[in-house]
Amino acid sequence: MWRRVARLSSLIRSSKASLSNQIPPANGLQILEAFSTEIQKSAKGRNHHREKPPFITFVLGGPGSGKGTQCLKIVETFGFSHLSAGDLLRKEISSNSENGAMILETIKEGNIVPSELTVKLIQREVESSENDKFLIDGFPRTEENRRTYERVVSVGAEPNIVLFFDCPEEEMVKRVLSRNQGRVDDNIDTVKKRLENFNALNLPVINYYSEKGKLYKIPAVGTEDEIFSRVRKIFTSLEVLSMLSPQFSIPIGVIWFTLTNLL
Ligand SMILES: Nc1ncnc2c1ncn2[C@@H]1O[C@H](COP(=O)(O)OP(=O)(O)O)[C@@H](O)[C@H]1O
Ligand SMILES: Nc1ccn([C@@H]2O[C@H](COP(=O)(O)OP(=O)(O)O)[C@@H](O)[C@H]2O)c(=O)n1
Ligand SMILES: [Mg+2]
């Protein structure tokens, strides 16, 4: 509450300052109107106000399962914005933020950064973007990540769909060790820890969304293009189905995708 009041008064101060720079002397009503427009503009710049909640896709899978690679293809083809939780955390490290050292240590160990921090970074990106569809990659990694997101985020707290790139451990290890992006966690010891954490902490989240009928399980072995042809089917079918019946499109989509992949 007090933070909101403080934010509002700083908004008023900055709006007053920018008004005094821009507007010639006018009567009281004009000043009031201009002032209120300025506040709206200023609020919009930082927080994009949406008429309806954004379409949220969580992208899950073990380390090296191909989440980031497939997200780039989804962005190109379907116009989503890609928010990688790992990239946002690495950006915090390189910008020397107050939490940088703690994040670096946690990533090196293959452990999970406190949820409040990761959720705040994701929330800031969603709120400042004008896009209305997002891929949130590598999140939620734990049940605690998921619950914190649901508690903190007011609009779009539930994902519309969840993608799970299902890849054998041997293949994931091979890919991570040849990723070559200079990451501090791409070494055999950290990968082992990350796989342990994936099995213990992330699989329960995946099961949770499966039970909710939101999970698309995608076999993640094959060429990048072969895997993308599976991914493409999901988004194409959602586009078609949502034109027919928006409220049923997601459960029907999951059933349809599962059947066509089993047959
Ligand atoms: N289908 C694939 N076959 C072989 N290598 C892949 C495939 N998809 C991605 N890769 C490579 O594997 C590594 C990990 O992929 P990435 O997309 O970063 O996975 P994640 O984000 O799940 O950790 C990268 O070097 C990437 O180029
Ligand atoms: N929700 C998240 C996502 C990532 N991370 C940390 O960031 C590391 C790298 O995540 P990432 O998503 O970039 O990793 P990949 O699965 O893409 O290889 C993880 O191993 C965690 O240490 C986290 O703490 N919480
Ligand atoms: Mg990644």
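As the structure lists them, so they are numbered: ligands from 1, and atoms in each ligand from 1. Residue numbers count from 1 along this sequence.
- Protein residues with a heavy atom closer than 4.0 Å to ligand 1 are Gly62, Pro63, Gly64, Ser65, Gly66, Lys67, Gly68, Thr69, Arg175, Arg179, Gly222, Thr223, Glu224, Ile227, listed by chain and number.
- In this structure, a donor-acceptor pair under 3.5 Å is present between the side chains of Asn199 and Glu169.
- Using a 4.0 Å cut-off between a side-chain N of Lys or Arg and a carboxylate O of Asp or Glu, Glu171 and Lys174 qualify as a salt bridge.
- Stacking of Arg146 on the aromatic ring of Tyr208 is recorded, both the 6.0 Å distance cut-off and the 45° axial limit being met.
- Using a 4.0 Å cut-off between a side-chain N of Lys or Arg and a carboxylate O of Asp or Glu, Asp132 and Lys52 do not qualify as a salt bridge.
- Rounded to the nearest 0.5 Å, atoms OG (Ser129) and CG (Leu83) are 7.5 Å apart.
- Under a 4.0 Å N-O distance rule, the pair Asp87/Arg90 qualifies as a salt bridge.
- Taking the six-membered ring where the residue is Trp, Tyr149 and Phe58 present perpendicular rings, their angle passing 60° and hence far from 30°.
- Interatomic distance, NZ of Lys67 versus CZ of Phe165, reported as 9.0 Å (0.5 Å rounding).
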Can you give me a line-by-line list of nitrogen or oxygen pairs between ligand 2 and the protein shorter than 3.5 Å?
residue: ligand 2; atom: 1 (N); partner: Gly138; partner atom: O; Å: 3.1
residue: ligand 2; atom: 1 (N); partner: Asn145; partner atom: OD1; Å: 3.1
residue: ligand 2; atom: 12 (O); partner: Arg141; partner atom: NH1; Å: 2.9
residue: ligand 2; atom: 12 (O); partner: Arg141; partner atom: NH2; Å: 3.3
residue: ligand 2; atom: 13 (O); partner: Arg90; partner atom: NH1; Å: 3.1
residue: ligand 2; atom: 13 (O); partner: Arg90; partner atom: NH2; Å: 2.8
residue: ligand 2; atom: 14 (O); partner: Arg183; partner atom: NH2; Å: 3.1
residue: ligand 2; atom: 14 (O); partner: Arg194; partner atom: NH2; Å: 2.8
residue: ligand 2; atom: 16 (O); partner: Lys67; partner atom: NZ; Å: 2.7
residue: ligand 2; atom: 16 (O); partner: Arg141; partner atom: NH2; Å: 2.8
residue: ligand 2; atom: 16 (O); partner: Arg194; partner atom: NH2; Å: 3.4
residue: ligand 2; atom: 18 (O); partner: Arg179; partner atom: NH1; Å: 3.3
residue: ligand 2; atom: 18 (O); partner: Arg179; partner atom: NH2; Å: 2.9
residue: ligand 2; atom: 18 (O); partner: Arg183; partner atom: NH2; Å: 3.1
residue: ligand 2; atom: 18 (O); partner: Arg194; partner atom: NH2; Å: 2.9
residue: ligand 2; atom: 20 (O); partner: Arg194; partner atom: NE; Å: 3.1
residue: ligand 2; atom: 22 (O); partner: Asn111; partner atom: O; Å: 2.5
residue: ligand 2; atom: 24 (O); partner: Val113; partner atom: N; Å: 2.7

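- Smallest separation of non-hydrogen atoms from Val184 and Thr190: O-OG1, 4.4 Å.
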